[in-house]
Amino acid sequence: MKILVTVKRIPDPDEPLKFSGGVLDTSAVKWVPNTFDEYAMETALRLAEHVGGSQRLAEVIVMSICPAGQRQHVTQFLAMGGDRAVVVDHDDRALDAQTVAEAIAAVWKRESCDLLIAGKLAQDMEGNEVAQRAAALLGLPQATFAATVAWDREAGSLTVGREVDDGVESKKIPLPAVVSVDLRVVLPHSVKNGATPDDHAYQEGPRLASLRGITMAKRKKVDVVSLADLGVEAKNTSPIVHAEPPPPRPPGQIVESVDELVEKLATEAKVL
Amino acid sequence: MSTVLFIVETHQGKAATASLHGITCAARVAAAHGAELALLVLGADDTAARQVAAEGYGAAKVLAGVHEALGTFTAEAYGDAIAEVARATGAIAVGATATSSSRDALPRAAAMLRAPLVSEVVAVQDAGLLRRPVAAGRALVDTKIEAAPYLFTVRASEFPAAEASAAAPVETVAVGDPDPRGAQVLGIERTESARPPLTEAKVIVSGGRGMGSGENFKHLEALADLLGAAVGASRAATDAGMVPADLQVGQTGKVVAPDLYIAVGISGAIQHLAGMKGSKVIVAINKDPEAPIFQVADYGLVAKWEDTLPRLTELVRARRTAEA
Ligand SMILES: Cc1cc2nc3c(=O)[nH]c(=O)nc-3n(C[C@H](O)[C@H](O)[C@H](O)COP(=O)(O)OP(=O)(O)OC[C@H]3O[C@@H](n4cnc5c(N)ncnc54)[C@H](O)[C@@H]3O)c2cc1C
Ligand SMILES: Nc1ncnc2c1ncn2[C@@H]1O[C@H](COP(=O)(O)O)[C@@H](O)[C@H]1O
């Protein structure tokens, strides 16, 4: 079993955005991994490891399309426990989602993977499309917005609890397949691989890299390839031509009591 | 004349409310291109398509895409069908409201069509120039598209619902051979509630970690019921299991824009604000005067919910009784 985990670098979401000349200026941002990809990595590691046993059930390959010189996020994922990495050396800000998905599909084929786990959304540009596109390009079934994942190794399938608008859908997909993960996949009991005891409680959230993990990450194999090596043409069919901050909300007021609040909602705001 | 296609989701045989808002956006896209608007309804039979056509919604026609593989929604089969209909009709743009289903299926269709997709459109600036929010609502960006076709999803809260018009003609459209690729939907665990859905409610009462427990949400529910409101929550509250996950409001949850949003025990993290700062009037009740929620609140009350919710509920009840 080979699991491919994709990670996008994004500007630190805790830092303010910079606008200049009617576009977003990302020239001086601090790059961090997309949070949903950390969740994807945690999911992959929970599937791959046998807690209480010794064998590893899957190899976890990390991949990112990013300038090869700015791949700290990839190193971080190797330190979390990824086995090796593929970096597609290109500035992804200049690529559309289709090109990114084509690159992912090409790496999938080169590595003969069985499962792609991606974040459901890049927190910066909020496309919510790359995993689905990769699945379509590869002709594979998909389970997006996963909150729970259970792997049936005998049947070679996954049963995924998906966050949908009106509840949780349970979807069974045969491997090979594509999964995109939502927030709750990192709760303590969300991922089951049939080897780790079903009642094992993982620590909530994506794991932090251990000191040993950080040392080992430096020795792990990282393949750097170009889009051309993968036979993918660089393109951007949906460029952003303008960016601006949203209009600010008019300032509000602090009320001193519930009575004053109700009075104002009724007479001033007229919503009661 | 070129065509803009809009996919209408149906609920109990009728157009879903979320889709009605999306139709308004699609009509603007069609107008910008000087194109006609066609609605596409997919399913195992054409009953829903006929229902939608009877209401018309200002569309030139309704296309019924019928196949047994479309009886249960799967992104795999729907993606195939949407791509096939886009090809067959030569549509210049294909849209749908940004629901969990369209966010699942449209990117698949886009990939097969090698077409761009613009997610969560909030305004149509010009032909092929669409505006959308990014980075948890901290920026609005305009995307320029020259390609045809392109796909788009619509943020329902930003457009009024389309109204019924003269009936539109129904045409059957071939959907090819949609293939679920072995995927099986085993079932949906729905959150049953007598309250209005979050995305349609005029008033929302939302609770966060500050509520302390799921049990305490009953205080919010009592207030919500008096107001005819939906109940919402922050991620901290849903992750802690206080309420079901589909009540989450925010960047990763529902995006809402009610007339009145009451946030109780919610700090106002950027990801939460992304889902509710389009509300007309925002009320925040929080014990911490420094909580960022106060920066977007029209009315802020610095207090514990334990000391304020009972009185608030009492006053609202008194007003309701006086009205009755
Ligand atoms: C990738 C990602 C996506 C996310 N998406 C979302 C999303 O869609 N929606 C979302 O909500 N969050 C989302 N989050 C989480 C978000 O960052 C915050 O962690 C979350 O919104 C905090 O929830 P909260 O305000 O309930 O909890 P807290 O931040 O812990 O705030 C609790 C508040 O309650 C107040 N309080 C405590 N006791 C009382 C009392 N007795 N009376 C009154 N007030 C009281 C406190 O002063 C505090 O302000 C996301 C995070 C990430 C990383
Ligand atoms: N440049 C990239 N490199 C690697 N993975 C990416 C890249 N861009 C997007 N992805 C993956 O696709 C997911 C969804 O991104 P998006 O569709 O852009 O919102 C992300 O969470 C990543 O897992």
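Numbered from 1 within each chain, the chains take letters A, B, ... in sequence-line order.
In terms of heavy-atom pairs under 4.5 angstrom with chain A, the leader among B:Ser279, B:Gly128, B:Pro133 is B:Ser279. For the options B:Ala147, B:Gly79, B:Ala136, B:Pro244, heavy-atom pairs under 4.5 Å to chain A are most numerous at B:Ala136. With chain B as the partner, the residue from A:Gln142, A:Glu204, A:Glu163 showing the most heavy-atom pairs under 4.5 Å is A:Gln142. Interface summary for chain A: among B:Thr191, B:Ile145, B:Leu309, B:Leu315, the most heavy-atom pairs under 4.5 angstrom belong to B:Leu315. Ranked by non-hydrogen atom pairs under 4.5 Å with chain A, the options B:Ile285, B:Val302, B:Ile282, B:Leu198 are led by B:Ile282. Highest contact tally toward chain A, considering only B:Arg320, B:Met112, B:Arg131, is held by B:Arg131 [criterion: heavy-atom pairs under 4.5 Å]. Annotation: maximal heavy-atom pairing with chain B below 4.5 Å, among A:Ala122, A:Gly252, A:Pro251, occurs at A:Gly252. Of all the listed residues (A:Ile10, A:Val130, A:Val168), the one sharing the greatest number of non-hydrogen pairs under 4.5 Å with chain B is A:Val168. No other option in B:Glu192, B:Arg235, B:Arg319, B:Glu314 has as many heavy-atom pairs under 4.5 Å with chain A as B:Arg235.
Only the side chain of A:Val262 comes within contact range of chain B, judged by heavy atoms closer than 4.5 Å. For chain B, the nearby part of A:Glu102 is the side chain; its heavy atoms alone come within less than 4.5 Å. Using a 4.5 Å cut-off between heavy atoms, A:Thr159 touches chain B through its side chain atoms alone. For B:Ala303, no part sits under 4.5 Å from any heavy atom of chain A, backbone or side chain. For A:Pro16, the part lying near chain B is the backbone, with the side chain staying farther off; criterion is any non-hydrogen pair under 4.5 Å. Heavy atoms of B:Leu227 lying under 4.5 Å from chain A belong exclusively to its side chain. Only the side chain of A:Asp182 comes within contact range of chain B, with at least one heavy atom under 4.5 Å from a heavy atom of that chain. For A:Leu140, the part lying near chain B is the backbone, with the side chain staying farther off; criterion is any non-hydrogen pair under 4.5 Å. The contact between A:Ala269 and chain B is made by backbone and side chain atoms together, counting heavy-atom distances below 4.5 Å. If you measure heavy-atom distances from B:Ala284 to chain A, you find no contacts under 4.5 Å at all. In this structure, chain A has heavy atoms under 4.5 Å from both the backbone and the side chain of B:Thr238. Heavy atoms of B:Val203 lying under 4.5 Å from chain A are absent altogether. Neither the backbone nor the side chain of B:Leu130 comes within contact range of chain A, judged by heavy atoms closer than 4.5 Å. Heavy atoms of A:Asp96 lying under 4.5 Å from chain B are absent altogether. Looking at A:Ala97, neither its backbone nor its side chain comes within 4.5 Å of chain B, counting heavy atoms on both sides. Heavy atoms of B:Tyr150 lying under 4.5 Å from chain A are absent altogether.
Residues B:Pro116 and A:Ser238 come closest through the heavy atom pair CB-CB, 3.9 Å. Annotation for A:Gln132 and B:Pro107: closest pair CB-CB, 3.5 Å, computed over non-hydrogen atoms. The two residues B:Asp246 and A:Gly167 make their nearest non-hydrogen contact at OD2-N, 3.6 Å. Annotation for A:Pro13 and B:Arg138: closest pair O-NH1, 3.3 Å, computed over non-hydrogen atoms. Scanning both residues, A:Gln98 and B:Ala110, for their nearest heavy atoms gives OE1-O, 4.3 Å.
Within the model, atoms CD of B:Glu146 and OG1 of A:Thr237 stand 10.5 Å from one another, a figure rounded to the nearest 0.5 Å. Rounding to the nearest 0.5 Å places NZ of A:Lys270 at 14.0 Å from CG of B:Asp259. The distance from the CD atom of B:Gln184 to the CD1 atom of A:Ile173 is 11.5 Å, given to the nearest 0.5 Å. B:Leu312 contributes atom CG, which lies 8.0 Å from atom CG of A:Leu272 (distance to the nearest 0.5 angstrom). In this structure, OG on B:Ser193 lies 12.0 Å from CG on A:Asp166, to the nearest 0.5 angstrom. Within the model, atoms CD1 of A:Ile240 and CG of B:Asp142 stand 9.0 Å from one another, a figure rounded to the nearest 0.5 Å.
Looking only at distances, a side-chain donor or acceptor of B:Ser119 sits under 3.5 Å from a matching main-chain atom of A:Gly127. The backbone N or O of B:Lys277 lies less than 3.5 Å from a partner atom in the side chain of A:Arg249, making a donor-acceptor pair. Checked by atom type and distance alone, the side chain of B:Arg181 pairs as donor or acceptor with a backbone atom of A:Gly139 at under 3.5 Å. Checking side-chain atoms of A:Glu126 against main-chain N and O of B:Ala135 turns up a donor-acceptor pair under 3.5 Å.
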side-chain contact (heavy atoms from CB on, under 4.5 Å), that's the test. Do B:Val134 and A:Asp124 meet it? Break it down for me.
CA-CA 6 Å; B:Val134 298; A:Asp124 57 345; over 6 Å; no
Could you walk me through whether A:Glu169 and B:Val185 pass side-chain contact (heavy atoms from CB on, under 4.5 Å), step by step?
CA-CA 7 Å; A:Glu169 179 193 271; B:Val185 175; 3.8 Å; yes
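With respect to the salt-bridge test (charged N to carboxylate O, under 4.0 angstrom), the residues A:Lys264 and B:Asp298 do not qualify. Of the charged side-chain nitrogens involved, none lies within less than 4.0 Å of a carboxylate oxygen, so that B:Arg108 and A:Glu129 do not count as a salt-bridged pair. Salt-bridge formation is detected for the pair A:Asp165/B:Arg103: a Lys NZ or Arg NE/NH1/NH2 atom is positioned less than 4.0 Å from an Asp or Glu carboxylate oxygen. Ion pairing of B:Glu76 with A:Lys171 is present here, as a side-chain N (NZ or NE/NH1/NH2) and a carboxylate O approach within less than 4.0 Å.
Within residues 251-258 of chain B, the residues having any heavy atom closer than 4.5 Å to a heavy atom of chain A are B:Gln251, B:Thr252, B:Lys254, listed by residue number.
Remark: B:His11 NE2 is loosely packed, at most 12 non-hydrogen atoms of other residues, nucleotides or ligands lying under 6.0 Å away. More than 12 heavy atoms of other residues, nucleotides or ligands sit less than 6.0 Å from atom CD of B:Glu306.
Within the 4.5 Å cutoff, the side chain of A:Val258 has heavy atoms near those of the B:Leu301 side chain. At least one side-chain heavy atom of B:Leu129 sits less than 4.5 Å from a side-chain heavy atom of A:Val241. Side-chain contact between A:Val271 and B:Lys280 is absent, with no heavy-atom pair separated by less than 4.5 Å. Side-chain contact between A:Pro247 and B:Leu140 is present, with at least one heavy-atom pair separated by less than 4.5 Å. For the pair A:Leu183 and B:Gln248, the minimum side-chain heavy-atom distance is below 4.5 Å.
Inspection of the B:Asp104 and A:Thr144 side chains reveals an N or O donor paired with an N or O acceptor under 3.5 Å. Donor-acceptor pairing under 3.5 Å is lacking for the side chains of A:Arg162 and B:Ser100.
Applying the side chain to side chain donor-acceptor pair (under 3.5 Å) rule to A:Glu268 yields the partners A:Gln253, B:Tyr299; only residues at least two apart in sequence or on another chain are considered.
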